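Some notes on the structure that comes next.
Keep in mind the model is a prediction, meaning the values are calculated, not measured.
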Amino acid sequence: MYIDRYQEYLQLIPDKIRRCEETDRRVVLAYASNLDVLVRWNCENFNRFLAEYLKEEPSFREGDEIASEEDLARILSYFVIHGLGGEVDIVSRKVIDVLTEYFDVEYGLGGTCAQGAAALGSMGIPVLVHITDCSGDVIRQMSGIRIETVKHGRRAPVETCVSGKDALCHFIVQFTKDDVIRVFGKEYKVGLSNRLIMGYDTVHKILPVEEEFLVYCEKNARDVCSYDISGFNAVTDHRIMQERLERLTVHYKSVKENNPDCRIYFESAHFINNEIREYTYQTLAEVIDIMGMNEEELIDLTRTQGCSVNKDSLESILKGLEELIEVYPVHGFVVHSKDYALYFGKDMPGTDIEQGLTLGNLVSGTRARTGRYGSVSDCRETLKLELSRTGLAFAKELESYHSAYKVVLVPSRYMEKPATTIGLGDSFVAGMQICFL
């Protein structure tokens, strides 16, 4: 029987902050950051846009890029109609022009590690972060809270590291459940609130990683309690990915040798190139502890292994994870969704995985509820939300499940129509790291 321990775990955070301050131990988050351009969703404007530019049935194929207004209409309508999340590259300036013609925009912080750092920093938890976009637009959104990076071989506040370069822009359209989309005289009701990320950015194709940062983490590995890595998904050149991973796998081994208790947590994302994803997963599986993903990424990844997962069936989800842990022999997998968070894998002595899943859900739920990175006080208000019925049903079903692997499931605090769908996975990952402090 699931026991709600959200409040109990939330009460631990002030003591964890105090210990970070006294010992200099940190959560490390790396590697990519950018400026998110948030497209304010307006269903009627979108339907007007489709009436003008949709020339063929909505569709999306692996490797598709958005090079024209017609591409944007075809691909975006496909994601909206099916309530899907994902990432696609924009390769033409005129696409940006038409987006800003039909929709208003606002600006926010982008990148899993940058958003995760902001989520933890807003709660008063000090973090160390590696970022790739140090433009004034990005750094301003990370200033004034407990976020540091490495400069001249030492930790330094991120606000001391402004580069003067232009921001790397990722356009994000978040659409709303139950909106009605009109396509060639037919109406489609949006089944799920979700978002499509469209990057106008070539820097992350090479994922630049600062050697200075790696050296600092290796020398100070004893102070690294967890190391959350992400940002690999935009790389499409196998040679570039091989170069990055050759250095990084040596780096992770060095960190673990100097601090065997450090947990290396890899958060997946929508990979533009599936061959690169497979190479990345196989390589990282040898050196990381936990591989995290949302339920859409789980479905996509298991499909490549010939296993079809039904996200509405716990039995199907667990069967898919049993397949994956044989292919990618990591310590464990974490799956997060709007209804639950789940750990599947080997036991991790000394780590309260339920605490991580719970606080991940809470930090993510607070962002969904408020539309911003929340404080501890904001998280306390989120406790008033009901637990997901689907999550509770899965927790009940899990009571009769038997496996050689450890399985922990925590229902989320549920919202039917969140204030935002952007950064929820990034916020979950941040909250998950708190159990390693």
Distance (rounded to the nearest 0.5 Å) between Glu212 CD and His130 NE2 =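 Output value for this atom pair is 9.5 Å.
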Is it the case that more than 12 heavy atoms not belonging to Glu243 sit under 6.0 Å from its CD atom?
-> yes
Could you tell me if the ring centre of [X] sits under 6.0 Å from that of [Y]?
X      : Y      : result
Phe60  : Phe79  : yes
His238 : Tyr279 : yes
His152 : Tyr216 : no

Assess whether side-chain contact (heavy atoms from CB on, under 4.5 Å) is satisfied between Met241 and Thr236, documenting all intermediate values.
-> CA-CA 8 Å; Met241 185 63 86; Thr236 56; over 6 Å; no
Side-chain contact, heavy-atom cut-off 4.5 Å: Tyr343 with Leu357?
-> yes
With Glu399, which residues qualify under salt bridge (Lys or Arg N to Asp or Glu O under 4.0 Å), at least two apart?
->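 Once residues adjacent in sequence are excluded, the partners of Glu399 under the salt bridge (Lys or Arg N to Asp or Glu O under 4.0 Å) criterion are Lys396.
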Under 3.5 Å, is there a donor-acceptor pair between the side chain of Asn194 and the main chain of Phe175?
->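 No, because the side chain of Asn194 does not come within donor-acceptor range (under 3.5 Å) of the backbone of Phe175.
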What side-chain donor-acceptor pairs closer than 3.5 Å can you find for residues 263-272, not counting sequence neighbours?
unit_1	atom_1	unit_2	atom_2	d
Glu267	OE2	His336	NE2	2.8
Ser268	OG	Tyr281	OH	2.2
His270	NE2	Glu87	O	3.2

Go through the side-chain N and O atoms of Ser316 and Asn310 and say whether any donor and acceptor fall under 3.5 Å apart.
->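 No pair is found: no donor N or O on one side chain lies under 3.5 Å from an acceptor on the other.
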Look at [X] together with [Y] and state whether they make a salt bridge at an N to O cut-off of under 4.0 Å.
X      : Y      : result
Glu21  : Arg146 : yes
Lys256 : Asp289 : yes
Arg413 : Glu386 : no
Glu218 : Arg247 : yes

Which is it for Ile17 and Cys20 under the side-chain contact (heavy atoms from CB on, under 4.5 Å) test, yes or no, and what are the steps along the way?
-> CA-CA 5 Å; Ile17 293 171; Cys20 285; 5.7 Å; no
Which word best sums up how the rings of Phe344 and Tyr405 line up, parallel for under 30°, tilted for 30 to 60°, or perpendicular for over 60°?
-> tilted
